[in-house]
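Report on the structure given below.
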Amino acid sequence: MLTTALTMLLVGIFAGTMGAILGIGGGMIITPIVTLALGLDIKYAIGASIIAVIATSSGATIAYLKDDVLNLRVAMFLEIATTIGAIVGALLTGYFNGNILYFLFGALLVFSSWNMYRKLRLGKEVLKRANPDKLATKFKLNSSYYDKNLNQQINYQVENIPLGLSIMFGAGLASGMLGIGSGAFKVMAMDNAMKMPLKPSSATSNLMMGVTAAASATVYFFNGAIKPEIAVPLALGILIGAAIGSRIMPHLPAKVIRMIFIPILLYLGLQMILKACGVMI
């Protein structure tokens, strides 16, 4: 019991740190470890992943709000589309071939990893338009943040609001129908579609993930999928890791964060495509 608790604590610290930096849930880190290394049933692994997302979001969001990195207006705006998508996805479960959806969303993630690679090569993080997006101006979505790596205030514009909302609806649909996390889709929508810098995208995604996960946590709790002996040390480790990650991220160059994020997006996309083809990895 003590060994398991210490293992979960260490796993939580690692998952929380990476989750806070990248703006994605720790499920892709936690699930393989607790299922393969500890031999835990996949049901409990999914329950642990839900706890991971909520804990990462809670730990990181406090720091990002204090540092004024996340864009609260964008988060609340996009969360509407995600929530509607999740509800529609849950209602449509069983009516569509899951393999087709896995393939489509997997291909989207692979394409996004390529877009991120292009941005990495160009080195452009901040969008500068002579004529700002009308919808972004109307809803006051344009914002700024202080980049601790560059030691300067960065003003940025947001664009392609309908496309961002469409991707977030699709992310919610995928979550509701396939039971997958949508942290990668959230960052993708803001960074690729809406042209937000990566740091505000990551910080904003952390807040949104917690809102989405909290809605489904109750279901997993009453289904008995959340085991306290796993969830408690894991959540504690994640809170510590999220505090560490949220302090590291503002000081990291956006280029480094992108270099970490690209292979993760590519891995997730290929994993979904292979799953659609009946290959389990």
Side-chain angles (χ1 to χ4, degrees), residues 13 16-26 53 55-79 115-116 118-133 135-161 164 168 183-184 186-211 238-262 264-265:
I13 291 173
T17 302
M18 295 306 295
I21 291 173
L22 300 174
I24 60 175
V53 173
T56 302
S57 175
S58 303
T61 297
I62 294 170
Y64 290 143
L65 274 172
K66 185 179 177 181
D67 291 342
D68 202 25
V69 180
L70 67 80
N71 192 320
L72 196 57
R73 282 184 173 273
V74 169
M76 295 298 101
F77 195 71
L78 294 182
E79 196 61 51
N115 266 347
M116 274 206 170
R118 286 175 58 205
K119 269 194 175 183
L120 180 65
R121 290 188 64 184
L122 291 172
K124 293 181 180 179
E125 279 295 321
V126 183
L127 177 72
K128 299 289 185 184
R129 297 281 192 209
N131 300 310
D133 188 282
L135 282 176
T137 304
K138 181 178 180 180
F139 291 107
K140 299 179 181 178
L141 301 181
N142 299 323
S143 188
S144 65
Y145 72 100
Y146 185 78
D147 193 309
K148 292 182 179 179
N149 175 253
L150 300 175
N151 292 317
Q152 66 182 55
Q153 192 74 18
I154 305 293
N155 298 310
Y156 63 90
Q157 299 171 6
V158 181
E159 67 171 34
N160 297 332
I161 312 302
M168 294 313 300
K186 288 176 168 64
V187 176
M188 179 186 70
M190 289 179 276
D191 178 70
N192 286 346
M194 299 173 70
K195 311 301 182 185
M196 284 174 58
L198 188 57
K199 289 184 180 181
S201 298
S202 174
T204 306
S205 174
N206 268 290
L207 170 63
M208 295 174 66
M209 282 191 308
V211 176
I238 286 168
L239 286 171
I240 295 169
I244 296 169
S246 60
R247 288 302 170 201
I248 293 173
M249 193 272 272
H251 295 278
L252 286 175
K255 182 178 179 180
V256 172
I257 302 174
R258 244 176 236 293
M259 288 173 69
I260 301 171
F261 204 89
I262 289 169
I264 290 176
L265 268 187

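All heavy atoms count here, side chains included; hydrogens, waters and symmetry mates do not.
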Quiz item: How far apart are the closest heavy atoms of Pro132 and Gln157, and which atoms are they?
Solution: CA-OE1, 4.2 Å

Quiz item: With side chains defined as the heavy atoms from C-beta onward, is the minimum distance between Val187 and Leu22 less than 4.5 Å?
Solution: no

Quiz item: Partners of Tyr146 by ring-ring contact (aromatic ring centres under 6.0 Å, His included), sequence neighbours excluded?
Solution: none

Quiz item: Ile21 pairs by side chain to side chain contact (heavy atoms under 4.5 Å, CB included) with which of Ile248, Ile244, Asn206?
Solution: Ile248

Quiz item: So, does Asp68 use its side chain to make a donor-acceptor pair with the main chain of Tyr145 at under 3.5 Å?
Solution: no

Practice problem: Could you pull out the closest heavy-atom pair between Gly245 and Tyr64, with the gap in Å? | Solution: O-OH, 4.0 Å

Quiz item: Considering all heavy atoms of both residues, which atom of Pro200 and which atom of Pro197 are nearest to each other, and what is their separation?
Solution: CD-O, 3.3 Å

Exercise. Using the test side-chain hydrogen bond (donor to acceptor under 3.5 Å, both in side chains), find all partners of Arg73 that sit at least two apart in sequence or belong to another chain.
Key: none

Quiz item: Which heavy atom in Ser144 sits nearest to a heavy atom in Asn155, and how many Å separate them?
Solution: CB-OD1, 3.1 Å

Practice problem: For residues Ile154 and Lys199, determine if any side-chain heavy atom of one lies less than 4.5 Å from a side-chain heavy atom of the other. | Solution: no

Self-check item: Spacing of Lys138 atom NZ and Ile161 atom CD1 [to the nearest 0.5 Å]
Solution: 12.0 Å

Quiz item: Salt bridge or not for Lys195 and Asp133, using N-O below 4.0 Å?
Solution: no

Quiz item: For the atom pair CE (Met209) and OG1 (Thr56), what is the distance rounded to the nearest 0.5 Å?
Solution: 6.0 Å

Quiz item: Are any non-hydrogen side-chain atoms of Asn71 and Met196 less than 4.5 angstrom apart?
Solution: yes

Quiz item: Which atoms form the tightest heavy-atom contact between Ala60 and Ala242, and what is the distance?
Solution: N-CB, 3.8 Å

Quiz item: Tell me, do Met168 and Met208 make a side-chain contact under 4.5 Å, heavy atoms counted?
Solution: yes

Quiz item: How many angstroms lie between NE2 in His251 and CG in Asn151, if you round to the nearest 0.5 Å?
Solution: 9.0 Å

Quiz item: For the side chain of Asn142 and the backbone of Val158, is there at least one donor-acceptor N/O pair under 3.5 Å apart?
Solution: yes

Exercise. Run through Leu70, Leu72, Thr61 and flag the one making a side chain to side chain contact (heavy atoms under 4.5 Å, CB included) with Thr204.
Key: Leu70

Quiz item: Closest heavy-atom contact between Leu207 and Ser57?
Solution: O-OG, 3.6 Å

Self-check item: Straight-line distance of Ile62 CD1 to Leu239 CG, nearest 0.5 Å
Solution: 8.0 Å

Exercise. Answer yes or no: is there a side-chain heavy-atom contact under 4.5 Å between Lys255 and Leu198?
Key: no

Practice problem: Report yes if some heavy atom in the side chain of Arg258 is under 4.5 Å from a heavy atom in the side chain of Asp191; otherwise report no. | Solution: yes

Exercise. State the CE-CZ distance between Met76 and Phe139, to the nearest 0.5 angstrom.
Key: 15.0 Å

Quiz prompt | Verdict with reasoning, Arg247 to Asp67, per salt bridge (Lys or Arg N to Asp or Glu O under 4.0 Å) | solution = CA-CA 10 Å; Arg247 288 302 170 201; Asp67 291 342; 3.2 Å; yes

Self-check item: Nearest-0.5 Å distance that lies between atom OG in Ser202 and atom CE in Met190
Solution: 8.5 Å

Quiz item: Just wondering, do Glu159 and Met194 contact through their side chains at under 4.5 Å, heavy atoms?
Solution: no

